[in-house]
A.B. asks: 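Below you'll find the structure I mean.
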Amino acid sequence: MAAGGAPAGDAVAAALPAGACDCHVHVVGEQAAYPMLPDRPYTAGPATVADLRGHMGRLGLARAVIVQPSFYGTDNRLLVDSLAAMRGDGRGVAVLAEDVSDATLGELHDAGVRGVRINLESVGASDPEAVVRAFGAWAGRLRGQGWHIQTYASLDAIAAAAPRLRGLGLPVVLDHFSTIPARLGLGDARVREVLDLVGSGAAYVKLSGSYRINQGATAQQVTALARAFLAANPERAVWASDWPHTSRAPGKLPTEVSPYRDIDPRGLREEIDTWLPETDLRVQVLVSNPARLYGF
């Protein structure tokens with residue numbers, strides 16, 4: 001069984017557009033070489049670049065964006081090594097300390113990093129003031145460098161912070177449907193605020209990790225949310241698998257390995273086909289938007 005739960009031999013039929021990109025994946029190394037934070041919230045098993053290539057091959061993907069997992073903190077060595085192994089087919093999103101040097105930022109850029117990740121949801125600091133402070137600390141340094149700020153924060157925090165995120169001068173990228181529960185109606189004021197933020201062009205949204213937002217929702221409600229973002233601004237949406245589908249297993253200690261979610265790649269392809277049925281839209285979301293955002 002390959003990392004992410006899919007049998008290595010399972011192939012998904014029908015080609016995706018040339019240059020199709022998975023915009024949110026993780027690579028996890030052996031702890032002897034790439035130790036995790038001692039106070040991490042959970043532990044994931046190895047998921048190598050070879051495993052990632054297998055995942056990409058099953059779906060017919062050409063490119064991938066590797067996102068630094070929270071359990072590595074600001075140690076981006078594995079991210080840099082993984083990008084080198086991707087030989088131009090990968091870009092990275094790093095987790096950085098606010099006092100990181102300009103020289104280090106330059107080295108990361110040369111390695112293929114194009115964004116900084118601010119994971120407020122995982123640490124529970126998801127109030128709007130925390131979002132604004134965290135984004136403001138980076139905007140001045142990254143503006144004009146071809147980078148963006150990616151965030152995993154609560155719907156309430158993003159909705160409340162949205163008016164102040166429009167003037168940052170660099171893109172904001174919202175993880176996993178901006179964590180909007182799919183069962184919420186599209187008329188919800190917070191949902192409208194986030195849709196308007198994407199509609200304004202100030203933010204991109206990742207149509208990714210539907211299992212993170214579908215608690216109690218139907219597939220139709222998830223599709224309706226995806227289509228609402230696409231209707232708001234098709235130039236500000238990207239697709240991602242969230243491979244290898246990390247999870248915090250109930251009853252496991254933080255230092256015990258939590259198994260990955262068992263996600264069938266055929267289900268991921270069905271989501272692409274359902275959310276992006278039009279050929280032009282599929283090229284826009286899978287190829288053109290990632291190329292612009294990540295500099296492929």
Side-chain angles (χ1 to χ4, degrees), residues 2-4 6 8 10-29 47-69 76 78-94 108-117 145-150 171 173-176 204-210 226 230 234-246 263 265-273 275-276 278-296:
D10 275 8
V12 178
L16 293 178
C21 184
D22 187 337
C23 292
H24 192 111
V25 302
H26 302 295
V27 173
V28 184
T48 66
V49 169
D51 294 328
L52 171 58
R53 287 288 195 184
H55 156 74
M56 294 168 65
R58 286 187 288 275
L59 282 171
L61 298 158
R63 299 165 174 167
V65 177
I66 303 173
V67 178
Q68 172 83 338
N76 294 284
L78 177 57
L79 174 62
V80 170
D81 291 349
S82 300
L83 291 174
M86 291 292 288
R87 299 183 180 276
D89 293 335
R91 293 291 185 268
V93 178
L108 290 170
H109 186 91
D110 291 344
V113 174
R114 293 296 182 268
V116 58
R117 188 187 197 199
Q145 304 303 311
W147 282 41
H148 62 271
I149 299 174
Q150 175 182 317
V173 178
L174 307 174
D175 276 357
H176 310 317
Y204 286 75
V205 65
K206 290 188 180 182
L207 306 180
S208 63
S210 61
L230 293 165
E235 294 186 354
R236 291 297 183 267
V238 296
W239 176 86
S241 68
D242 197 28
W243 183 93
H245 318 297
T246 58
I263 303 298
R266 290 168 294 192
L268 295 172
R269 180 54 195 269
E270 287 171 6
E271 288 184 337
I272 293 174
D273 292 342
W275 301 343
L276 308 170
E278 303 91 348
T279 300
D280 290 349
L281 182 62
R282 190 172 299 194
V283 172
Q284 178 88 60
V285 173
L286 297 179
V287 184
S288 304
N289 294 347
R292 181 195 321 115
L293 179 61
Y294 297 104
F296 281 108

A.B. asks: I need the minimum non-hydrogen distance between Ala47 and Trp243, along with the two atoms involved.
C.D. replies: CB-CH2, 3.8 Å
A.B. asks: Asp22: what forms a salt bridge (charged side-chain N to carboxylate O under 4.0 Å, His left out) with it, not counting sequence neighbours?
C.D. replies: none
A.B. asks: By the salt bridge (charged side-chain N to carboxylate O under 4.0 Å, His left out) test, which pairs, at least two apart or in different chains, include something from residues 282-294?
C.D. replies: Asp273-Arg282
A.B. asks: Assess whether side-chain contact (heavy atoms from CB on, under 4.5 Å) is satisfied between Leu293 and Arg236, documenting all intermediate values.
C.D. replies: CA-CA 9 Å; Leu293 179 61; Arg236 291 297 183 267; over 6 Å; no
A.B. asks: Taking all atoms of both residues into account, what is the closest heavy-atom pair of Leu78 and Val27, and its distance?
C.D. replies: CD2-O, 3.5 Å
A.B. asks: Is there side-chain contact between Val113 and Arg91, with at least one heavy-atom pair below 4.5 Å?
C.D. replies: no
A.B. asks: Any donor-acceptor pair under 3.5 Å linking the side chain of Asn289 with the backbone of Pro234?
C.D. replies: yes
A.B. asks: How close do Pro290 and Phe296 get, heavy atom to heavy atom, and via which atoms?
C.D. replies: O-CD1, 3.9 Å
A.B. asks: Where does the angle between the aromatic ring planes of His245 and His55 fall among parallel (under 30°), tilted (30 to 60°) and perpendicular (over 60°)?
C.D. replies: perpendicular
A.B. asks: Mind checking whether Lys206 and Leu174 have side chains closer than 4.5 Å, heavy atoms only?
C.D. replies: no
A.B. asks: Side chains of Asp51 and Met56: closer than 4.5 Å at any heavy-atom pair?
C.D. replies: no
A.B. asks: To the nearest 0.5 Å, how far apart are SG in Cys21 and CG in Leu286?
C.D. replies: 8.5 Å
A.B. asks: Excluding sequence neighbours, so at least two apart, what forms ring-ring contact (aromatic ring centres under 6.0 Å, His included) with His176?
C.D. replies: His24, Tyr152
A.B. asks: At their closest point, which heavy atom of Leu79 faces which heavy atom of Gly92, and how far apart are they?
C.D. replies: CD1-CA, 4.0 Å
A.B. asks: Holding to ring-ring contact (aromatic ring centres under 6.0 Å, His included), I want the full list of residues that pass it with Tyr294, two or more places apart in sequence or in another chain.
C.D. replies: His148
A.B. asks: How far does CG of Leu207 sit from CD of Glu271, to the nearest 0.5 angstrom?
C.D. replies: 9.5 Å
A.B. asks: On a heavy-atom basis, which atom in Cys23 and which in Val238 lie closest, and how many Å separate them?
C.D. replies: SG-CB, 3.7 Å
A.B. asks: Could you report the tightest heavy-atom contact between Val285 and Ala237, atom names first, then the distance?
C.D. replies: CG1-O, 3.7 Å
A.B. asks: Could you give me the CA-CA distance, side-chain angles and deciding distance for Leu230 and Leu281, then say whether side-chain contact (heavy atoms from CB on, under 4.5 Å) is met?
C.D. replies: CA-CA 9 Å; Leu230 293 165; Leu281 182 62; 4.0 Å; yes
A.B. asks: Quick one: are His109 and Arg114 in side-chain contact, heavy atoms under 4.5 Å?
C.D. replies: yes
A.B. asks: Quick check: do Ile149 and Arg117 have side-chain heavy atoms less than 4.5 Å from each other?
C.D. replies: no
A.B. asks: Under 4.5 Å between any side-chain heavy atoms of Val67 and Asp175, yes or no?
C.D. replies: no
A.B. asks: Residues two or more places apart in sequence or in another chain: which of them pass side chain to side chain contact (heavy atoms under 4.5 Å, CB included) with Ala62?
C.D. replies: none
A.B. asks: Would you give the length of the straight line joining atom CG of Asn76 to atom CD1 of Ile66, rounded to the nearest 0.5 angstrom?
C.D. replies: 11.5 Å
A.B. asks: Step by step, would you call Ser241 with Val25 a side-chain contact (heavy atoms from CB on, under 4.5 Å)?
C.D. replies: CA-CA 7 Å; Ser241 68; Val25 302; 4.0 Å; yes
A.B. asks: With sequence neighbours left out, write down each residue that passes side-chain hydrogen bond (donor to acceptor under 3.5 Å, both in side chains) with Gln145, or none if nothing qualifies.
C.D. replies: none
A.B. asks: Quick one: are Val93 and Val116 in side-chain contact, heavy atoms under 4.5 Å?
C.D. replies: no
A.B. asks: Just so I know, are the side chains of Ile272 and Leu16 near enough to count as touching, which here means a heavy-atom distance under 4.5 Å?
C.D. replies: yes
